[in-house]
Trainee: 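Pasting in a structure now, in structure tokens, and then I'll have a few things to ask.
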Amino acid sequence: MNNSRRLRTAVISGAACTALLAGGAAPALASVEASHVNGVAAVAHDPQSKREFITIHANAKSVRHGGTVRLSGKVFHIRDGSRLTVEHRKGNRWVSLETTTVKHGSYSVKVKLNHKGTEHLRVVHGKTHSAVVTVKVT
């Protein structure tokens, strides 16, 4: 079993156990959904929750300097037409790169990466943000 599968299993099992302790088997199994972000699993979204939520997926783990990466995902409890901002980590701050609009509960945006090294990217709407994806720029 590889490390990402082991991590995914551990995260899902931990979330299910926590939900079981909090209120029974049916809500526990209904609330656990896994998503993969560059091979790393994360508990994605509780369908019973009314909180805003954003998923993210990058179409490449690495790109050449000046190349583009497409970020896409789904949004929950965010209206169609709402603006989403793509940010990258610069030092200890998050800096805006691109904006896109929610259409039919999802988004897709191309981002040009001009700095060599590792880019940490996320999508933001107000105080809600997605998980962070990592893209290597060579």
Side-chain angles (χ1 to χ4, degrees):
M1 191 184 308
N2 63 26
N3 283 341
S4 66
R5 187 170 179 172
R6 200 173 291 147
L7 174 63
R8 179 175 57 243
T9 303
V11 169
I12 292 171
S13 297
C17 290
T18 302
L20 276 171
L21 291 172
L29 298 176
S31 67
V32 177
E33 178 183 326
S35 69
H36 304 281
V37 180
N38 287 343
V40 177
V43 175
H45 176 30
D46 178 1
Q48 305 298 323
S49 174
K50 297 295 181 193
R51 293 185 5 224
E52 292 182 350
F53 191 83
I54 305 170
T55 66
I56 187 169
H57 173 76
N59 70 339
K61 292 182 180 182
S62 65
V63 295
R64 293 210 178 265
H65 176 259
T68 60
V69 63
R70 179 174 295 280
L71 300 177
S72 59
K74 294 186 178 198
V75 298
F76 300 90
H77 306 291
I78 298 175
R79 292 177 187 249
D80 284 356
S82 297
R83 303 292 282 171
L84 301 176
T85 304
V86 176
E87 297 180 335
H88 77 115
R89 187 98 173 146
K90 188 170 185 176
N92 61 355
R93 299 178 343 139
W94 287 99
V95 179
S96 298
L97 289 177
E98 295 285 337
T99 60
T100 187
T101 305
V102 175
K103 294 177 187 164
H104 305 293
S106 63
Y107 68 91
S108 181
V109 60
K110 284 185 179 179
V111 179
K112 187 172 183 177
L113 301 175
N114 294 317
H115 301 288
K116 287 187 177 182
T118 302
E119 287 280 0
H120 301 282
L121 304 166
R122 71 180 186 177
V123 176
V124 178
H125 178 260
K127 292 184 178 184
T128 303
H129 62 83
S130 68
V132 175
V133 293
T134 303
V135 179
K136 189 169 189 165
V137 182
T138 57

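All residue numbers in this chain count up from 1 along the given sequence. All values reported here derive from a predicted model rather than from experimental measurement.
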Trainee: Are His125 and Ile54 close enough, and set up right, to give a side chain to side chain contact (heavy atoms under 4.5 Å, CB included), and what steps lead you there?
Mentor: CA-CA 8 Å; His125 178 260; Ile54 305 170; 4.0 Å; yes

Trainee: Which pair of heavy atoms, one from Glu98 and one from Val109, lies closest together, and at what distance?
Mentor: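 In this case the closest contact between Glu98 and Val109 is CB-CG2, 4.1 Å.
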
Trainee: Nearest 0.5 angstrom please: His129 NE2 to Glu52 CD, how far?
Mentor: 12.0 Å

Trainee: Please check this pair: side chain of Asp80 against backbone of Gly105, looking for a donor-acceptor N/O pair closer than 3.5 Å.
Mentor: yes

Trainee: Any donor and acceptor pair, going by atom type alone, linking the side chain of Ser82 with main-chain N or O of Val102 inside 3.5 Å?
Mentor: no

Trainee: How close do Glu87 and Trp94 get, counting heavy atoms only, and between which atoms?
Mentor: OE1-CB, 3.3 Å

Trainee: Would you call the rings of Phe53 and Phe76 parallel, tilted or perpendicular, where under 30° means parallel and over 60° means perpendicular?
Mentor: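 Answer is tilted, since the angle falls between 30° and 60°.
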
Trainee: I need the Lys136 NZ to Thr118 OG1 distance, nearest 0.5 Å.
Mentor: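 Taking NZ in Lys136 and OG1 in Thr118, the distance rounds to 6.0 Å.
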
Trainee: If every non-hydrogen atom of His115 is compared with every non-hydrogen atom of His65, which pair is closest and at what distance?
Mentor: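 Minimum heavy-atom separation between His115 and His65: N-CD2, 4.2 Å.
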
Trainee: Got a donor-acceptor contact below 3.5 angstrom from the Thr55 side chain to the Lys74 backbone?
Mentor: yes

Trainee: Mind listing the closest non-hydrogen atom pair of Leu121 and Ile56 along with its distance?
Mentor: O-CD1, 4.2 Å

Trainee: Please find the pair of heavy atoms, one from Arg122 and one from Val124, that lie closest to each other, and give the distance.
Mentor: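 Looks like NE-CG2, 3.6 Å.
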
Trainee: Calculate, to the nearest 0.5 Å, the distance between atoms NE2 and OG1 belonging to His120 and Thr134 respectively.
Mentor: 5.0 Å

Trainee: Starting from the C-alpha separation in whole Å, work towards a yes-or-no answer on side chain to side chain donor-acceptor pair (under 3.5 Å) for Arg83 and Thr101.
Mentor: CA-CA 5 Å; Arg83 303 292 282 171; Thr101 305; 2.8 Å; yes

Trainee: How long is the span from the CG atom in Leu84 to the OG1 atom in Thr128, to the nearest 0.5 Å?
Mentor: 10.0 Å

Trainee: Give me the atom names and distance for the closest heavy-atom approach of Ala58 to Leu71.
Mentor: CB-CD2, 3.8 Å

Trainee: First locate atom NZ of Lys90, then atom OG of Ser96, and finally report the distance between them rounded to the nearest 0.5 Å.
Mentor: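 The distance works out to 12.0 Å.
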
